[in-house]
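Step one of this worksheet: look at the structure below.
Throughout, protein chains are lettered first and strands after them, A, B, ... in sequence-line order, and every chain is numbered starting at 1. Being a predicted model, the structure only gives us computed values, none of them experimental.
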Protein chains: 2
Amino acid sequence: MVNGIKPISSRSMAERVEISLREYFAQKSFKPGDPLPTELELAAALGVSRNVVREALSRFKMLGIVEAKKKSGMVISNPDIVGTFEKVMTPEIMDETTLQDLFELRLALEMGIADLLYIHKTEKDLDELEEIAAREMKEKDNNFRISNEIAFHSKLYEMTGNNTLKRFQSLLLPIFGYVIKLEKKKVISGKVTHQDLVKILRKGTVEDFKEGMLSHLQPHFDRVKSFKK
Amino acid sequence: MVNGIKPISSRSMAERVEISLREYFAQKSFKPGDPLPTELELAAALGVSRNVVREALSRFKMLGIVEAKKKSGMVISNPDIVGTFEKVMTPEIMDETTLQDLFELRLALEMGIADLLYIHKTEKDLDELEEIAAREMKEKDNNFRISNEIAFHSKLYEMTGNNTLKRFQSLLLPIFGYVIKLEKKKVISGKVTHQDLVKILRKGTVEDFKEGMLSHLQPHFDRVKSFKK
DNA sequence: ACATTTATTATGTAGAACATAACTACTAAT
DNA sequence: ATTAGTAGTTATGTTCTACATAATAAATGT
């Protein structure tokens, strides 16, 4: 093995420009609305072709960090975090470990929103939630049951009043379905039903609700336990 | 206001190609390792210049969805979810609402990992955690106290055995610091200290721990309550 | 059969050219 | 003088061509 040899930056120019630009943005402490140099200026400053600069800028445009307008030039803008997440959230090409991790992450969230729920819940919310839980009981079709299952949990997130959280969980839903499907297991509900949870939310304490939710999710936690290495 | 007017697709070619490619990947149900057509073929098929295709592909390369090797061409690969998240997680240019939302999301996670912790905790982990908590007490310097505070909570995530979760929380740390700074508030700890938490983790039940953690984070939850609209 | 050299191929980079939208400034008409 | 219209300017958007480069395959010679 030869020593003292640098592997050279096998990174492409576009990638290196991306890094440079990111440092540049931070160093200048740019805020949304702040104008950027022109593509030509950047290319000249970085000593690369305009083409490479555009490839790097294209990346920032995808993230929503940079917006471009003709003539006026480019400006910094505030990115859509969850939207970006959506672009990589493709269960089909994700490795299984990450899928399992995200599955657990969702379980943690599900348990963790209890306190937020008790801070934000309103009577109106509870009525709507109750209606979803009730609708579920009448439904025979399995597909409808699943979409109702999703509706219930989504409503819970909505009740936290935290839009980012709600959007985030809706991105995790496919993961949930995918992991379940991978194991070819049927969706097993815990002892505590959705209707029970609504009741607790109405009259019970936060602690009651946490217990109830844990019980509701117990089958999933059992799965996690069985995977423990 | 004029009605029935479409805003035209103000999308750039690169953006539209990105969308087309994403559909194409899904439709062909590509898996990691699967080869892609050449840039020239894609350009021809889409009826755009190779340059535009490259800008779109550059985006996928950033996400880690596509990898390119000279001569052999491009292949699909599994993206690094958290790594992508890192690229947009820039508190400086994020809007305040999202920052608040993410702050809450972290609180929810902090509360939600309790059950995972009790599934995965080991004696060795507890010893290490205890050591961090102990080190903290001896420290006078405020900067060190904060980095110790971070170390403690990071260790908790590490103990879940969920690497994605751990990496995810470490990305949320800057948010935490930023939000705190925004309000110019000092970091106030709850009544339950880190050392208390360790004790509970050792001898107490999951419920005890959840109570303890809630108490520990109470100042933050109070803040959330006060922001309730 | 093996090593060496020679094509071949697809990505990486560069540069020029022109289209296009938006903004500025000037001009002409009432 | 105000307004409408026109021409000019500028930075992004798009295309095309050319060539460099690395990895692979094919061909060649010993």
Taking five pairs at each end of the helix from C:dA1-D:dT30 to C:dT30-D:dA1, what angle separates the two helix axes (nearest 10°)?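 Result, rounded to 10 degrees: 20°.
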Between [N] ([atom2]) and [X] ([atom1]): distance, integer Å:
X     : N      : atom1 : atom2 : value
B:L40 : C:dG12 : CG    : C1'   : 13 Å
A:E55 : C:dT13 : CD    : P     : 7 Å
A:R54 : C:dG12 : CZ    : P     : 17 Å
B:L57 : C:dT11 : CG    : P     : 8 Å
B:M13 : C:dA19 : CE    : P     : 16 Å
B:N51 : C:dT13 : CG    : C1'   : 10 Å

Determine the sole option in B:Q218, B:H220, B:M213 for which the side chain to side chain contact (heavy atoms under 4.5 Å, CB included) test with B:H216 is passed.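 The single option meeting the side chain to side chain contact (heavy atoms under 4.5 Å, CB included) with B:H216 is B:M213.
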Taking side chain as C-beta onward, heavy atoms only, is A:P174 less than 4.5 Å from A:P91?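 When only atoms from C-beta onward are counted, A:P91 and A:P174 do touch, with a gap below 4.5 Å.
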Looking at B:E92, I want to see if its CD is surrounded by more than 12 non-hydrogen atoms of other residues, nucleotides or ligands under 6.0 Å.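 For B:E92, atom CD is crowded (more than 12 foreign heavy atoms under 6.0 Å).
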Enclosure of A:E86 CD (heavy-atom neighbours >12, cutoff 6.0 Å):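 No.
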Would you say the side chain of B:R50 and the base of C:dG12 hold a donor-acceptor pair, judged only by whether the two atoms sit under 3.5 Å apart?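 Pair found.
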Is B:R167 paired with B:D80 through a side-chain N to carboxylate O contact shorter than 4.0 Å?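 B:R167 and B:D80: salt-bridged.
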Test: A:E55 and A:R59 ion pair at under 4.0 Å: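 Result for this pair is no, no salt bridge flagged.
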Name every residue in residues 19-38 of chain A that has at least one heavy atom under 4.0 Å from any atom of DNA chain C, in order of residue number, or write none if there are no such residues.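 Listed by number, there are none.
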Would you mind telling me which of A:F25, A:F30, A:Y24 makes a ring pair (Phe, Tyr, Trp, His ring centres under 6.0 Å) with A:F60?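 Among the candidates, only A:F25 passes.
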I want to check a possible cation-pi pair here: B:K225 against B:F221, using under 6.0 Å from ring centre and within 45° of the ring axis as the test.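 Verdict for B:F221: no cation-pi partner in B:K225.
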Of A:E39 and B:K71, whose closest DNA chain D nucleotide lies nearer the 5' terminus?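 By nearest-heavy-atom nucleotide position, the 5'-most residue is A:E39.
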First and last nucleotide of DNA chain D touching chain A, 5' to 3', heavy-atom cut-off 4.0 Å?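 Nucleotide range with atoms under 4.0 Å of chain A: D:dT9 to D:dT14.
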Measure up the A:F168 and A:F85 rings against each other and bin them: parallel (under 30°), tilted (30 to 60°), perpendicular (over 60°).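 Tilted, since the angle between the ring planes falls between 30° and 60°.
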Verify side chain to side chain contact (heavy atoms under 4.5 Å, CB included) between A:E39 and A:L57, making sure each step is shown before the conclusion. CA-CA 9 Å; A:E39 293 176 350; A:L57 285 172; 3.8 Å; yes
Most 5' of A:G47 and A:K69 on DNA chain C, judged by nearest nucleotide: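 Upstream on the strand: A:G47.
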As a quick check of understanding, evaluate side chain to side chain donor-acceptor pair (under 3.5 Å) for A:E136 and A:H194, giving each step before the final call. CA-CA 9 Å; A:E136 190 178 352; A:H194 286 168; 2.8 Å; yes
B:K61 side-chain N/O to C:dG12 phosphate OP1/OP2 under 4.0 Å: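 Yes, B:K61 has a side-chain N/O under 4.0 Å of OP1/OP2 on C:dG12.
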Between C:dT9, C:dT11, C:dG15, which nucleotide has the shortest distance from any of its atoms to the side chain of B:M74?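 The listed nucleotide nearest to B:M74's side chain is C:dT11.
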